[in-house]
2 protein chains.
Amino acid sequence: MLSYTEENYLKSIYHLSEGGTKAVLTNEIAASLNTKAATVTDMIKKLSSKELIEYEKYYGVNITKKGKQLALSIVRKHRLWETFLVQKLNFQWDQVHEVAEQLEHIHSSLLIEKLDEFLGHPTADPHGHPIPDKNGRIKQEKQVVLKDALINKTLYVCAVRNGSPSFLQYLSKIGVQIGAKVLVTERIEFDGSLEVSIKDNNPQLISREAAENILVKE
Amino acid sequence: MLSYTEENYLKSIYHLSEGGTKAVLTNEIAASLNTKAATVTDMIKKLSSKELIEYEKYYGVNITKKGKQLALSIVRKHRLWETFLVQKLNFQWDQVHEVAEQLEHIHSSLLIEKLDEFLGHPTADPHGHPIPDKNGRIKQEKQVVLKDALINKTLYVCAVRNGSPSFLQYLSKIGVQIGAKVLVTERIEFDGSLEVSIKDNNPQLISREAAENILVKE
DNA sequence: ATAAAAGTTTAGATTAGTCTAAAAAATAAT
DNA sequence: ATTATTTTTTAGACTAATCTAAACTTTTAT
Ligand SMILES: [Mn+2]
Ligand SMILES: [Mn+2]
Ligand SMILES: [Mn+2]
Ligand SMILES: [Mn+2]
């Protein structure tokens with residue numbers, strides 16, 4: 001069984017390697033976990049000896065199949081708990097991440113399967129992120145970054161890329177939530193900001209920065 | 001903020017001091033936490049320096065007001081989680097303790113208040129143990145050990161004293177659950193075993209040992 | 001009252017996780 | 001192709017929690 005700390009390292013390595021194909025670097029892990037490179041070097045040796053990652057000195061790490069399965073089970077727990085907090089306990093979507101960081105480390109397969117059942121086998125968490133199933137499979141739907149969306153095409157918000165409370169609170173304030181209808185009415189060349197109509201309301205400006213962190217689908 | 005380990009020691013000391021008035025001894029703590037006396041000595045020094053207990057060398061410890069409040073908040077979390085697992089996730093009463101041992105250490109007052117609300121402010125957990133309220137207050141009802149119950153008096157099971165899975169499974173098998181109607185039809189002098197009618201069924205024998213671990217009320 | 005037994009504390013060691021500072025390797029710049 | 005910079009690893013130290021073995025106190029038995 002992995003310790004709380006080992007689980008956090010493994011999950012972080014999994015997220016850093018998502019999408020990309022290159023090895024994950026020591027400093028990247030250190031930055032993502034707010035720790036020091038020397039500490040990371042020790043830990044990746046340990047995870048490597050457990051065959052959860054492959055480590056080549058000075059070149060970084062790659063997650064193994066076994067490591068990925070384990071990481072996915074932690075991600076599954078994290079996202080199921082976030083869903084529980086929002087759907088059953090009426091948390092706001094900006095309040096759940098920190099608590100889920102703790103809850104994801106509870107060890108009980110019975111608990112997680114019963115929780116999944118209780119929630120009706122959800123496929124996405126409150127931020128639109130996919131929830132891996134019991135076998136670690138993820139249902140990925142095609143989505144596009146709002147920044148790159150076509151002008152005057154009706155779209156629906158399906159996920160956020162940045163889960164920071166301040167960003168989520170801002171989104172709530174302007175009416176952006178998962179499922180919300182959005183329409184880009186104009187793209188400002190100068191700074192990349194967008195004029196967007198949210199839920200058929202009067203168009204308002206959002207920054208390029210914000211538009212890069214909102215995912216939409218048709 | 002207390003560590004996972006400090007919380008377990010404090011809770012254990014609280015439970016060992018419940019009822020009794022004498023100081024809690026090093027070996028009692030060691031036994032209850034499956035650790036060694038030397039380890040306990042170190043930890044009680046730490047808890048003492050945090051003013052959660054009062055420690056007199058060679059004579060044991062007493063929990064302080066501050067320590068008791070903290071212990072009660074952990075007990076509250078433990079019992080609310082057990083209630084959640086049984087009432088919402090359909091766990092059996094013999095499956096919840098181990099998981100609650102982990103869940104009780106999640107730090108989030110928002111979480112626990114919302115959970116309490118979600119469960120409808122329950123006053124007892126699945127084993128009939130009282131759930132302290134937000135302020136640490138416990139609603140104690142008068143109850144008697146089944147072993148000492150009057151003959152042929154209708155009573156209702158209100159709690160168990162021993163939460164081991166094997167005992168709880170045995171109780172489930174013979175129909176004893178919280179709220180079940182029971183009637184002691186005869187007390188066997190020889191070994192203290194009781195003949196008991198459970199839910200108006202034919203009387204059956206239960207051991208003195210079992211009868212000492214079942215609490216009933218009128 | 002003294003000796004034996006039981007219980008508790010101290011001393012010294014170990015493991016997990018962390019850090020800083022120095023050494024080594026890889027990458028970038030002249 | 002050397003040199004300078006950046007990144008990574010190693011070395012050594014620290015804290016929390018744990019253990020065993022030895023020393024010390026208290027309690028019990030003679
Ligand atoms: Mn999250
Ligand atoms: Mn975590
Ligand atoms: Mn319990
Ligand atoms: Mn616990």
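Naming convention: chains lettered A, B, ... in sequence-line order (proteins, then strands); numbering from 1 in each chain. Because the structure is a prediction, the values reported are computed rather than measured.
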When the side chains of residues 117-126 of chain B are checked against the rest of the protein, which donor-acceptor pairs come out under 3.5 Å, sequence neighbours left out?
unit_1  : atom_1 : unit_2  : atom_2 : d
H121(B) : ND1    : D116(B) : OD2    : 2.8
D125(B) : OD1    : H127(B) : N      : 2.7
D125(B) : OD1    : G128(B) : N      : 3.1
D125(B) : OD1    : H129(B) : N      : 3.0

**Message:** Tell me whether the NZ or CZ atom of K114(B) lies within the 45° cone about the ring axis of F91(A) and under 6.0 Å from its centre.
**Reply:** yes
**Fill in**
In numerical order, the residues of residues 24-36 of chain A whose heavy atoms come under 4.0 Å of DNA chain C are T35(A), K36(A)
**Prompt:** Once you round it to whole Å, what is the distance between C1' of dT9(D) and CD1 of I44(A)?
**Reply:** 9 Å
**Item:** Flag for Q169(A)-D94(A): side-chain donor and acceptor within less than 3.5 Å
**Value:** yes
**Item:** Aromatic ring proximity Y14(A)/Y9(A), centre distance under 6.0 Å
**Value:** no
**Request:** For Y4(A), report the nucleic acid contact type (base, sugar-phosphate, nothing); a contact means any heavy atom under 4.0 Å.
**Result:** nothing
**Item:** Exercise: do S32(A) and S12(A) side chains pair donor with acceptor under 3.5 Å
**Value:** yes
**Message:** Looking at E7(A) and K11(A), is there a salt bridge between them, counting it only when a charged N and a carboxylate O are closer than 4.0 Å?
**Reply:** no
**Prompt:** Which parts of nucleotides 10-16 of chain C does protein reach within less than 4.0 Å, heavy atoms only, written one letter per nucleotide 5' to 3' as B for base, S for sugar-phosphate only and - for none?
**Reply:** B-----S
**Message:** If I take atom OH in residue Y58(B) and atom P in nucleotide dA6(C), what distance separates them, rounded to the nearest angstrom?
**Reply:** 17 Å
**Asked** Between K217(B) and E141(B), is there a side-chain N and carboxylate O pair less than 4.0 Å apart?
**Response** yes
